[in-house]
Amino acid sequence: MAFGALYMLSGLDAPWLGRQQRYRLRGYLRQMDAENLTRLARRRATTVEYWCRDSNLAKVETLIRPSAATGALAASFQLTATDVVEGYVTADALNDAIRQCRLKQGATPVRVRLHVTDGLPAGEGPMPLGVCAADLAESNDPRERRAGLETLQQLIDEYHRKEHQA
């Protein structure tokens, strides 16, 4: 449901949701603000951080769906791009990524941040804007958190405008 709400706010279809679930989500989104949505969507994935060699960072990117404000996505949030690779991976694919890229948990500096989930929606390329904004809204960095909350609120406001036009 959390991914469904974030996909809907991003203007994308959530084909894994049934008609009743979509109807309920539309009702929730009518009364939602960015802070509440962030709190409700928090359990969509578990975040794990790793150290990784520079030479393996590009390989990590091929094994995940990029997210947050990493790489080209940083400009969407008016943030400076960092060299941290962040994205989503299924729980089944996590061990392969750790083995292939020699990721080490508990080592510094953190170079890879993975959001691990069993229910990763199918798709190619970066995660939708709503998912990336929710990731940032959960950040400990105040600039990232603010950028994520502002973007989520903009998406919610835009969603409300479209709903009133329909």
Side-chain angles (χ1 to χ4, degrees), residues 1-26 28-29 32 34-52 56-77 79 81-106 110-141 144-145 147-149 151-152 154-156 159:
M1 291 287 280
F3 277 121
L6 297 171
Y7 268 62
M8 287 170 63
L9 286 176
S10 301
L12 300 173
D13 189 31
W16 62 90
L17 295 177
R19 218 174 56 149
Q20 183 67 29
Q21 289 173 312
R22 270 195 277 282
Y23 176 80
R24 280 199 328 239
L25 266 180
R26 277 195 289 275
Y28 288 140
L29 291 174
M32 194 68 56
E35 289 278 350
N36 287 332
L37 181 59
T38 301
R39 190 170 39 260
L40 292 173
R42 206 165 254 150
R43 291 187 299 254
R44 72 188 173 284
T46 303
T47 304
V48 189
E49 297 179 328
Y50 298 96
W51 170 88
C52 180
N56 285 335
L57 286 175
K59 186 172 194 171
V60 172
E61 288 177 345
T62 66
L63 300 173
I64 65 172
R65 291 208 43 208
S67 170
T70 57
L73 295 171
S76 303
F77 296 96
L79 293 170
T82 67
D83 61 353
V84 174
V85 174
E86 184 166 353
Y88 281 80
V89 65
T90 63
D92 292 340
L94 177 62
N95 288 333
D96 281 342
I98 291 170
R99 185 179 41 76
Q100 287 181 39
C101 302
R102 297 185 177 155
L103 302 178
K104 289 188 176 42
Q105 194 172 6
V110 170
R111 303 296 306 280
V112 176
R113 187 173 298 118
L114 298 178
H115 303 280
V116 184
T117 182
D118 288 325
L120 183 63
E124 298 289 320
M127 293 299 281
L129 188 60
V131 177
C132 296
D135 292 341
L136 287 171
E138 295 174 0
S139 174
N140 292 329
D141 181 307
E144 288 183 356
R145 180 168 170 70
L149 288 171
T151 302
L152 270 180
Q154 290 169 0
L155 290 171
I156 290 169
Y159 182 81

- Among all residues two or more places apart in sequence or in another chain, which pass the side chain to side chain donor-acceptor pair (under 3.5 Å) test with T151? none

- Item | Derivation and outcome, side chain to side chain contact (heavy atoms under 4.5 Å, CB included), residues V60 and Y50 | CA-CA 11 Å; V60 172; Y50 298 96; over 6 Å; no

- Task: Taking salt bridge (Lys or Arg N to Asp or Glu O under 4.0 Å) as the test, write out the residues that go with R145, two or more places apart.
- Result: E35

- CZ of R26 to CE of M32: how many Å apart, nearest 0.5 Å? 14.5 Å

- Note on the structure: Given the options L6, L155, L149, L37 meets side chain to side chain contact (heavy atoms under 4.5 Å, CB included) only with L6

- Message: Test of understanding: with side chain to side chain donor-acceptor pair (under 3.5 Å), list the residues that count as partners of N36, not counting sequence neighbours.
- Response: D33, R39

- Item | Over all atoms of both residues, closest heavy-atom pair of G130 and L152 | O-CD2, 3.8 Å

- Item | Distance-minimising heavy-atom pair for V89 and L63 | CG2-O, 4.2 Å

Under 3.5 Å, which donor-acceptor pairs link side chains of residues 11-21 to any protein atom two or more places apart or in another chain?
{"unit_1": "Q21", "atom_1": "OE1", "unit_2": "G18", "atom_2": "N", "d": "2.8"}

- Item | Pairing residues for E144 by the salt bridge (Lys or Arg N to Asp or Glu O under 4.0 Å) criterion, not counting sequence neighbours | none

- Message: Run the side chain to side chain donor-acceptor pair (under 3.5 Å) test against E61 and tell me which residues pass, sequence neighbours left out.
- Response: none

- Note on the structure: By side chain to side chain donor-acceptor pair (under 3.5 Å), T47 pairs with (sequence neighbours left out) H115

- Residues P66 and G125: closest non-hydrogen pair is CD-O, 3.9 Å

- Item | Non-neighbouring partners of R65 that pass salt bridge (Lys or Arg N to Asp or Glu O under 4.0 Å), sequence neighbours left out | none

- Could you check if a side-chain atom of L120 sits within less than 4.5 angstrom of a side-chain atom of M127, using non-hydrogen atoms only? yes

- Apply side chain to side chain contact (heavy atoms under 4.5 Å, CB included) to V112 and I64, showing your working. CA-CA 11 Å; V112 176; I64 65 172; 5.9 Å; no

- How about I156 and L9: do any of their side-chain heavy atoms sit closer than 4.5 Å? yes

- Check V131, L25, L129 against Y7 for a side chain to side chain contact (heavy atoms under 4.5 Å, CB included) and give me the one that passes. V131

Which donor-acceptor pairs under 3.5 Å do the side chains of residues 97-106 make with protein atoms, sequence neighbours left out?
{"unit_1": "R99", "atom_1": "NH2", "unit_2": "D96", "atom_2": "OD1", "d": "3.0"}

- Message: Quick test of your reading: applying salt bridge (charged side-chain N to carboxylate O under 4.0 Å, His left out), list the pairs with at least one residue in residues 114-141, sequence neighbours left out, ordered by first then second residue.
- Response: R44-D135, R44-E138, D141-R143

